[in-house]
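Encoded as C-alpha coordinates, the structure appears first; notes follow it.
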Amino acid sequence: MELAKITMRGQITIPIGIRRRLGVKDGDKVVFIEENGRVVIENAAMIALKTAQDAFTGEAERLDIKTEQDVVDLVKEVRREVWEERHADNA
(Lines give C-alpha, C1' and ligand atoms only; values in the text may rest on other atoms or scores of the structure.)
Protein backbone atom coordinates (compact mmCIF):
# COMPACT_ATOMS: atom_id res chain seq x y z
CA MET A 1 0.00 0.00 0.00
CA GLU A 2 1.25 3.47 -0.90
CA LEU A 3 0.30 6.74 0.77
CA ALA A 4 0.09 10.25 -0.73
CA LYS A 5 -0.81 13.58 0.86
CA ILE A 6 -3.23 16.01 -0.81
CA THR A 7 -2.03 19.62 -1.05
CA MET A 8 -4.22 22.68 -0.45
CA ARG A 9 -4.70 22.85 -4.23
CA GLY A 10 -5.96 19.24 -4.42
CA GLN A 11 -2.73 17.90 -5.91
CA ILE A 12 -0.98 14.64 -5.02
CA THR A 13 2.34 13.11 -5.93
CA ILE A 14 1.92 9.59 -7.24
CA PRO A 15 4.53 7.40 -5.52
CA ILE A 16 7.32 6.11 -7.78
CA GLY A 17 6.29 2.46 -7.35
CA ILE A 18 2.76 3.24 -8.53
CA ARG A 19 4.05 5.34 -11.46
CA ARG A 20 6.22 2.42 -12.54
CA ARG A 21 3.33 -0.04 -12.29
CA LEU A 22 1.15 2.30 -14.36
CA GLY A 23 3.94 2.92 -16.85
CA VAL A 24 3.63 6.71 -16.57
CA LYS A 25 6.31 9.38 -16.52
CA ASP A 26 6.55 13.16 -16.35
CA GLY A 27 3.95 14.76 -18.63
CA ASP A 28 1.81 11.63 -19.05
CA LYS A 29 -1.87 11.71 -18.18
CA VAL A 30 -3.79 9.44 -15.85
CA VAL A 31 -7.51 8.85 -15.68
CA PHE A 32 -9.62 8.24 -12.59
CA ILE A 33 -12.38 5.67 -13.04
CA GLU A 34 -15.10 4.91 -10.53
CA GLU A 35 -15.78 1.16 -10.27
CA ASN A 36 -18.05 -0.42 -7.69
CA GLY A 37 -17.77 2.50 -5.28
CA ARG A 38 -13.96 2.73 -5.60
CA VAL A 39 -11.80 5.07 -7.63
CA VAL A 40 -9.13 3.46 -9.80
CA ILE A 41 -6.23 5.31 -11.42
CA GLU A 42 -5.13 4.16 -14.89
CA ASN A 43 -2.65 5.22 -17.55
CA ALA A 44 -4.77 7.35 -19.93
CA ALA A 45 -2.74 6.31 -23.00
CA MET A 46 -3.35 2.64 -22.26
CA ILE A 47 -7.09 3.26 -21.87
CA ALA A 48 -7.12 5.07 -25.25
CA LEU A 49 -5.22 2.19 -26.88
CA LYS A 50 -7.61 -0.40 -25.44
CA THR A 51 -10.60 1.64 -26.64
CA ALA A 52 -9.14 1.81 -30.16
CA GLN A 53 -8.41 -1.92 -30.15
CA ASP A 54 -11.96 -2.67 -29.06
CA ALA A 55 -13.33 -0.42 -31.83
CA PHE A 56 -11.41 -2.41 -34.46
CA THR A 57 -12.38 -5.83 -33.15
CA GLY A 58 -13.77 -7.90 -36.03
CA GLU A 59 -12.82 -5.40 -38.75
CA ALA A 60 -10.11 -7.62 -40.27
CA GLU A 61 -12.58 -10.45 -40.67
CA ARG A 62 -15.24 -8.11 -42.05
CA LEU A 63 -12.77 -6.75 -44.63
CA ASP A 64 -11.32 -10.22 -45.33
CA ILE A 65 -7.83 -9.12 -44.24
CA LYS A 66 -5.69 -12.16 -43.56
CA THR A 67 -2.11 -11.11 -44.31
CA GLU A 68 0.19 -8.12 -44.05
CA GLN A 69 -0.01 -7.81 -47.85
CA ASP A 70 -3.80 -7.47 -47.54
CA VAL A 71 -3.21 -4.46 -45.25
CA VAL A 72 -0.69 -2.93 -47.68
CA ASP A 73 -3.13 -3.40 -50.57
CA LEU A 74 -5.96 -1.80 -48.58
CA VAL A 75 -3.80 1.21 -47.68
CA LYS A 76 -2.82 1.66 -51.35
CA GLU A 77 -6.47 1.47 -52.40
CA VAL A 78 -7.56 4.05 -49.81
CA ARG A 79 -4.69 6.38 -50.76
CA ARG A 80 -5.67 6.09 -54.45
CA GLU A 81 -9.30 6.90 -53.63
CA VAL A 82 -8.31 9.91 -51.52
CA TRP A 83 -5.95 11.16 -54.25
CA GLU A 84 -8.69 10.82 -56.87
CA GLU A 85 -11.16 12.69 -54.64
CA ARG A 86 -8.74 15.56 -54.04
CA HIS A 87 -7.81 15.87 -57.70
CA ALA A 88 -11.25 15.28 -59.23
CA ASP A 89 -11.71 19.03 -59.91
CA ASN A 90 -8.45 19.18 -61.87
CA ALA A 91 -9.51 16.53 -64.40
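- Taking CG of Leu22 as the start and CD1 of Ile41 as the end, the distance is 5.5 Å to the nearest 0.5 Å.
- We find the CZ-CG distance between Arg19 and Asn43 to be 13.0 Å, quoted to the nearest 0.5 Å.
- Minimum interatomic distance between Ile47 and Val31 (heavy atoms only, all atoms of both residues): CG1-CG1, 3.8 Å.
- Applying the 6.0 Å contact sphere to CZ of Arg86 captures no more than 12 heavy atoms from other residues, nucleotides or ligands.
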**OP:** Determine, stepwise, if the pair Glu77 / Arg80 fulfils side chain to side chain contact (heavy atoms under 4.5 Å, CB included).
**Re:** CA-CA 5 Å; Glu77 179 183 338; Arg80 182 184 47 75; 3.8 Å; yes

**OP:** Kindly determine whether Glu35 and Arg38 satisfy salt bridge (charged side-chain N to carboxylate O under 4.0 Å, His left out), including the steps that lead there.
**Re:** CA-CA 5 Å; Glu35 293 179 347; Arg38 297 178 152 229; over 6 Å; no

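- Taken from CG in Asp73 to CD in Glu68, the straight-line distance is 11.0 Å, to the nearest 0.5 Å.
- Here the straight-line distance linking atom CD1 of Ile14 with atom CD of Glu2 works out to 11.0 Å at 0.5 Å rounding.
- Side-chain contact between Asp70 and Asp64: absent, with no pair of heavy atoms (C-beta onward) separated by less than 4.5 Å.
- When the side-chain hydrogen bond (donor to acceptor under 3.5 Å, both in side chains) test is applied to Glu61, no partner is found at least two apart in sequence or on another chain.
- Partners of Lys25 according to the salt bridge (charged side-chain N to carboxylate O under 4.0 Å, His left out) rule, which considers only residues two or more places apart in sequence or in another chain, are Asp28.
- A continuous path of Ile, Leu, Val, Met, Phe, Trp and Tyr side chains, each step under 4.5 Å between heavy atoms, connects Val24 with Val39, placing both in one hydrophobic cluster.
- The CD1 atom of Ile6 sits 11.5 Å away from atom OG1 of Thr13, with the distance rounded to the nearest 0.5 Å.
- Note: Met46 CE to Thr51 OG1 = 11.0 Å, rounded to the nearest 0.5 Å.
- Heavy atoms from other residues, nucleotides or ligands lying under 6.0 Å from CD1 of Ile16 number more than 12.
- In terms of the side-chain hydrogen bond (donor to acceptor under 3.5 Å, both in side chains) criterion, Lys5 has no residue partners (sequence neighbours excluded).
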